Amino acid sequence: MKNDSRKARREADRVAQAAREAAGLAPGAALPAERDQMPAPVAAAPPAPESADTATPESATAPAAVAEPAKDAETDPKTEAASPAPAPERVHRAKTRGRALGLVGSVGVLCLGAAAIAAGSVFPPATAATGTPVALTSLPAGDALASCPATMKLFTGAGSGVDPEFAPASKDARTGVRAAVLSDSAGRIPGTEMLRNDAGVEATIAPRLSAAEAAKATGAGADGTSERKGAPGAVSNYAESLTVHAQPLGGVQSLVSAVRSYSAADGDLAGLAAAGCTAPSAESWLTGAVTTPGSTAVLNLVNPSASVAQVRVDLRGADGMVSAPSLGALAVAPGESKSIILAGYAPNEKALSAKVTSSGGRINATIQQSTLRGLVPGGVDYLGGSSTANNTQVIPGVAILDPKLSGELAKPAANSDAAAELVLAATSAEGATVKVRALGRNGEVPIPGGGEVVVASNATARMPLGGLPAGQYTIVVEGDSAVSASVKMVRGTKANEPIDLAWAGAANRLGSENLMVLPPVGRSTLVLNAPEDTATVSVRALGADGKLSATRNIELSGGKTVALAASDFGAGTTALVLSANGAPGYASAVVQDGAFGIAAVPVSDAALGSKGVQVLLRD
């Protein structure tokens, strides 16, 4: 009885489906004759499949929580005897449905069989839905790194490509790397070392703690109070690049910072230069290099990682992108340094920017800039990688000379570029229209000649700042497209005597805790500003004995630039710990030495905790 009923249903459904196809109807749609005689719908559960032969796709994918359906009345003998005889039309439809269900069931069995052969199981393995977010996998915090460039060197090679020849700067030149690290709240000093490129230890600031001890998370000292302190390292006179490593404590990166300083009173490289030591990066923007006659710009690439870095250098000059195919694929091995004379690729540029990107190992990129005006030293400094290119850039720590003195220094033809100026690089083919604000000690100061500059497509442009009144400034750049920016500063006393140059780069906003190590030479001035609203910056000084001073709160408002001498925070200050609340606040330090030396020092980024990354597993 059951088999006959199934055959009848299959045959009836086959005939009905053929009629639907001839009428252009969708599968399962009612035929006109059926719609005219179709009874009112009655809610009924679908028939339960009795075997794999009669299973349909619907029954195979039905949720397990659905109640067991009632038996099909047409296949139950008792129900068949008790029910009135169906009308011929209904019998025909039932038989047609039966044949269609049987046909679909057979196809389903064939499909399942093929899947079982291919996959080794009747049901294929479950896969994630398209677009389903992948959870983050937490990675433990690694060593905090601060990579320092090599000291200033005199270019002596005649080549114009990679790896030129150098000589020591001068006999009286002084160079050094000063580093400092902060403890956790329990007073534990993380293991901190200065490593050379060959991974050899140049100096140990604090011995490394055991892995078990370093992994402990402690929120305070034994008595429940903070025992925060620091460990300033001795100044290292090592002339090549160094990388400071500080181990994490309690799953959080330690706060470490370092600075490379150079000073010389005579020789071709007379002047003061300082470079903040930064973590290696996959992308850096360096803005403001000069390659005119008498000026030398050397791009130094250092790979302190354990992986080979594939590096690309894109140059932007006054007229746009500079063609330099040989800089498109530079391999820098672990622990290796490469030097590139930029004038060999972009000569006679009064302002040149470089975008350095790397894959694999991360790179520390700096530009050593020096100028010789005939026989008179014309300035030295490092151009460090600025913060990521953005529509808004804030450059604190800009020292401007008196306009009259600035004009006298720039009068001789050889000194024509010895003037303070803002350098901007457009980072796309769109170019950028930029509005510039100069914020002095009393707020905004009008910029002579207007505060707007148009930067051409992928080009580098300059805007003079020498007409501003003397003082410390914060320069705010706001463009309709992303730009990188820096300010060139000048210091000197007479046009025919040595002049020094310095570049201040765009800064990141201060976080909950930042560390700035001060150079062991010169006089440092802390420069602060909150351009848009009110902020409070808390400052603590780290002494040579490792003790932190009491907190000093500095209120910032009205776009006023605040300048404080480092000596105001106590004698023997080696570093400053900065914390900001309220509106975005920015900081930098201006360092002056002797009659003409000048340099700028940035604030290090805040420490990182454990990182989350997406891990995708693929066949």
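Computed from a predicted model, the values in this text were never measured in an experiment.
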**Message:** Tell me if the CD atom of Glu430 is crowded by more than 12 foreign heavy atoms within 6.0 Å.
**Reply:** no
**Message:** Quick check for you: to the nearest 0.5 Å, what is the distance between Leu576 atom CG and Leu518 atom CG?
**Reply:** 5.0 Å
**SB check Asp417 Arg373 (cutoff 4.0 Å)** = yes
**Message:** Applying side-chain hydrogen bond (donor to acceptor under 3.5 Å, both in side chains), can you list everything that pairs with Ser261, at least two apart in sequence or on another chain?
**Reply:** none
**Message:** With rounding to the nearest 0.5 angstrom, report the CG to OG distance, Leu286 to Ser284.
**Reply:** 6.0 Å
**Prompt:** Does the side-chain contact (heavy atoms from CB on, under 4.5 Å) test come out yes or no for Tyr345 and Leu315, once each step is laid out?
**Reply:** CA-CA 9 Å; Tyr345 302 91; Leu315 302 177; 3.9 Å; yes
**Request:** Answer yes or no: is there a side-chain heavy-atom contact under 4.5 Å between Val517 and Ser257?
**Result:** yes
**Item:** Gap separating the CG atom of Asp266 from the CG atom of Asp268, nearest 0.5 angstrom
**Value:** 9.5 Å
**Salt bridge present between Glu349 and Arg316 (N-O < 4.0 angstrom)** = no
**Prompt:** Is Ser241 close to Ser337 at the side-chain level, that is, under 4.5 Å between some pair of heavy atoms?
**Reply:** yes
**Request:** Assess the side chains of Asn390 and Thr392: does a donor N or O sit below 3.5 Å from an acceptor N or O?
**Result:** no
**Prompt:** Of all residues at least two apart in sequence or in a different chain, which pass the side-chain hydrogen bond (donor to acceptor under 3.5 Å, both in side chains) check with Thr151?
**Reply:** Thr175
**Request:** Would you kindly say whether Thr561 and Asn529 are connected by a side-chain donor-acceptor distance under 3.5 Å?
**Result:** yes
**Request:** May I ask you to check whether Thr287 and Ser486 show a side-chain donor-acceptor distance below 3.5 Å?
**Result:** no
**Partners passing side chain to side chain contact (heavy atoms under 4.5 Å, CB included) against Pro149 (at least two apart in sequence or in another chain)** = Arg260, Ala275, Thr366, Tyr382
**Message:** Once rounded to the nearest 0.5 Å, what's the spacing between atom OG1 of Thr371 and atom CG of Asn415?
**Reply:** 10.0 Å
**Message:** Leu383 and side chain to side chain contact (heavy atoms under 4.5 Å, CB included): which single residue from Lys488, Gln369, Gln368 fits?
**Reply:** Gln369
**Fill in**
For Phe596 and Asp500, the nearest pair of non-hydrogen atoms, with its separation, is O-CB, 2.9 Å
**Minimum side-chain heavy-atom gap Ser406-Val490 below 4.5 Å** = no
**Message:** One thing to verify: whether Arg196 and Asp198 come together as a salt bridge, which I'm taking to mean a side-chain N less than 4.0 angstrom from a carboxylate O.
**Reply:** yes
**Message:** For Gly361, is there any backbone N or O sitting under 3.5 Å from a side-chain donor or acceptor partner on Ser358?
**Reply:** yes
**Message:** Could you check whether Glu444 pairs with Lys435 (Lys NZ or Arg NE/NH1/NH2 to Asp/Glu carboxylate O, under 4.0 Å)?
**Reply:** no
